[in-house]
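Before any comments, here is the structure.
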Amino acid sequence: MWPNNRALDLFDIEVPIIQAPMAGLALSDVVVAVSEAGGLGSLACALLNVDQARSELEIIRRQTSRPINVNFFCHKPPRADPAREVMWRRRLDAYFVELGLDSNAPFPSSDRAPFDEKMCDLVMEFHPEVVSFHFGLPDKNLMARVQRAGAKIISSATSVDEARWLEDRGCDAVIAQGYEAGGHRGAFLTQDVSTQVGTMALVPQVVDAVTVPVIAAGGIADSRGIAAAFALGASAVQIGTAYLLCPEAKTSPAYRQALRNAKDNETALTNVFTGRPARGMVNRLVREVGPMSDSAPDFPLAAAALAPLRSKSEMAGSADFSPWWAGQAIRLFRELPAGELTKQLAAETQEKLRPL
Ligand SMILES: Cc1cc2nc3c(=O)[nH]c(=O)nc-3n(C[C@H](O)[C@H](O)[C@H](O)COP(=O)(O)O)c2cc1C
């Protein structure tokens, strides 16, 4: 049925499609729909506190008994760097003035905490079948607890070195995340965006370098991309951007409209929204301050500084400061319910693979 069943067997799923965790956008509705369709739905917890994550997990466990993935960021907490923060404030000053905001008001605190003991307690409580991390892995003790909870552990690699690093530290599968991918680069051994590798080149090199199953991610949005990923040796795909227009996603109406109108060359890798390289739609902030800025403070402090600009301009119907993540396959969307999209992608891929 599929060129290889390694991911299907590992995760006990029927369709080798993982709906990418998408912080703030992929909550219980999408997860249930994708898992019920036989794929692997992923709950993104990076922007949820423990209570919010618990209530999403309660909904999911009530609505499906199929395997699910629960996803966390595991970045190092940012170093305090007052000089850089002042520089970032000054860089944004003119926008605060333009929008009538007080640029000297303290920045709101960041809402992105790395995976910790409390979130790990939740993993022990709900026993998700899969736990995925972005930006490396948590420390050994947390890893051991997640393993004891019975979860398969996966994480993103953007290079062969990162893939080997993840395998050596106990990952059950590795997500090879190519340069095309929407959202944050999972990179953790380097932040040099100039050397990041595209999906087509990355996947087979990672497949050759590790023994665990490889999941291809980045720029995959239809059966052509999924078939290609299998041809490159992947055992599954992780798809993000193509799920953003599903009715179950928490994508705002303005974000949806921007996705519908976007062109293939209207995304960029930028650090101006959060302090860490991520691929999103090009807007005024990216054009004028980025795409990469040396003044941006460490992840996630840059985001906290921007929050007032973002909310004020969005209220006025502007996307000048909105971090609307999207990958390079932005035009390949279909506006279908997430379960239907998953099933269609699987059926069309099998059709494509049959004569091969
Ligand atoms: C809107 C958006 C939000 C994302 N948020 C997360 C996240 O919270 N955790 C994570 O591991 N990956 C996140 N990613 C990255 C995805 O896991 C994946 O690498 C990417 O979506 C694949 O590329 P594609 O968007 O071209 O399909 C996000 C991607 C997008 C598009």
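Small disclaimer: the values here were computed from a predicted structure and weren't measured.
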Salt bridge between D264 and R331, side-chain N to carboxylate O under 4.0 Å? no

Between R164 and E167, is there a side-chain N and carboxylate O pair less than 4.0 Å apart? no

Residue pairs passing the salt bridge (Lys or Arg N to Asp or Glu O under 4.0 Å) test with at least one member in residues 238-255, sequence neighbours excluded, are D29-K250

So F115 and F133, would you call those rings parallel, tilted or perpendicular, with 30° and 60° as cut-offs? perpendicular

Contacts of S28 meeting side chain to side chain donor-acceptor pair (under 3.5 Å) (sequence neighbours excluded), chain-then-number -> E56

Taking side-chain contact (heavy atoms from CB on, under 4.5 Å) as the test, write out the residues that go with N49, two or more places apart. D51, Q52

Within 45 degrees of the axis of the six-membered ring of F96 and under 6.0 Å from its centre: does R89 put its NZ or CZ there? no

Could I get the full list of side chain to side chain donor-acceptor pair (under 3.5 Å) partners for T270, not counting sequence neighbours? none

Which heavy atom of A338 sits nearest a heavy atom of C246, and at what distance? CA-SG, 3.7 Å

Please list, chain by chain and in numerical order, all residues satisfying side-chain contact (heavy atoms from CB on, under 4.5 Å) with D12, sequence neighbours excluded. P67

Regarding R224 and E348, does a basic nitrogen lie under 4.0 Å from an acidic carboxylate oxygen? no

Ring centroid separation for F73 and F135, is it under 6.0 angstrom? yes

Who are the side chain to side chain donor-acceptor pair (under 3.5 Å) partners of T158, not counting sequence neighbours? E162, Q196

Salt bridge between R279 and E180, side-chain N to carboxylate O under 4.0 Å? no

ring-ring contact (aromatic ring centres under 6.0 Å, His included) between F299 and H184, worked out: CA-CA 11 Å; F299 178 88; H184 285 97; 5.2 Å; yes

Should R284 and D320 count as an ion pair when the cut-off is N to O under 4.0 Å? yes

Within 45 degrees of the ring normal and closer than 6.0 Å to the centroid, is that where the cationic atom of R90 sits relative to W88? no

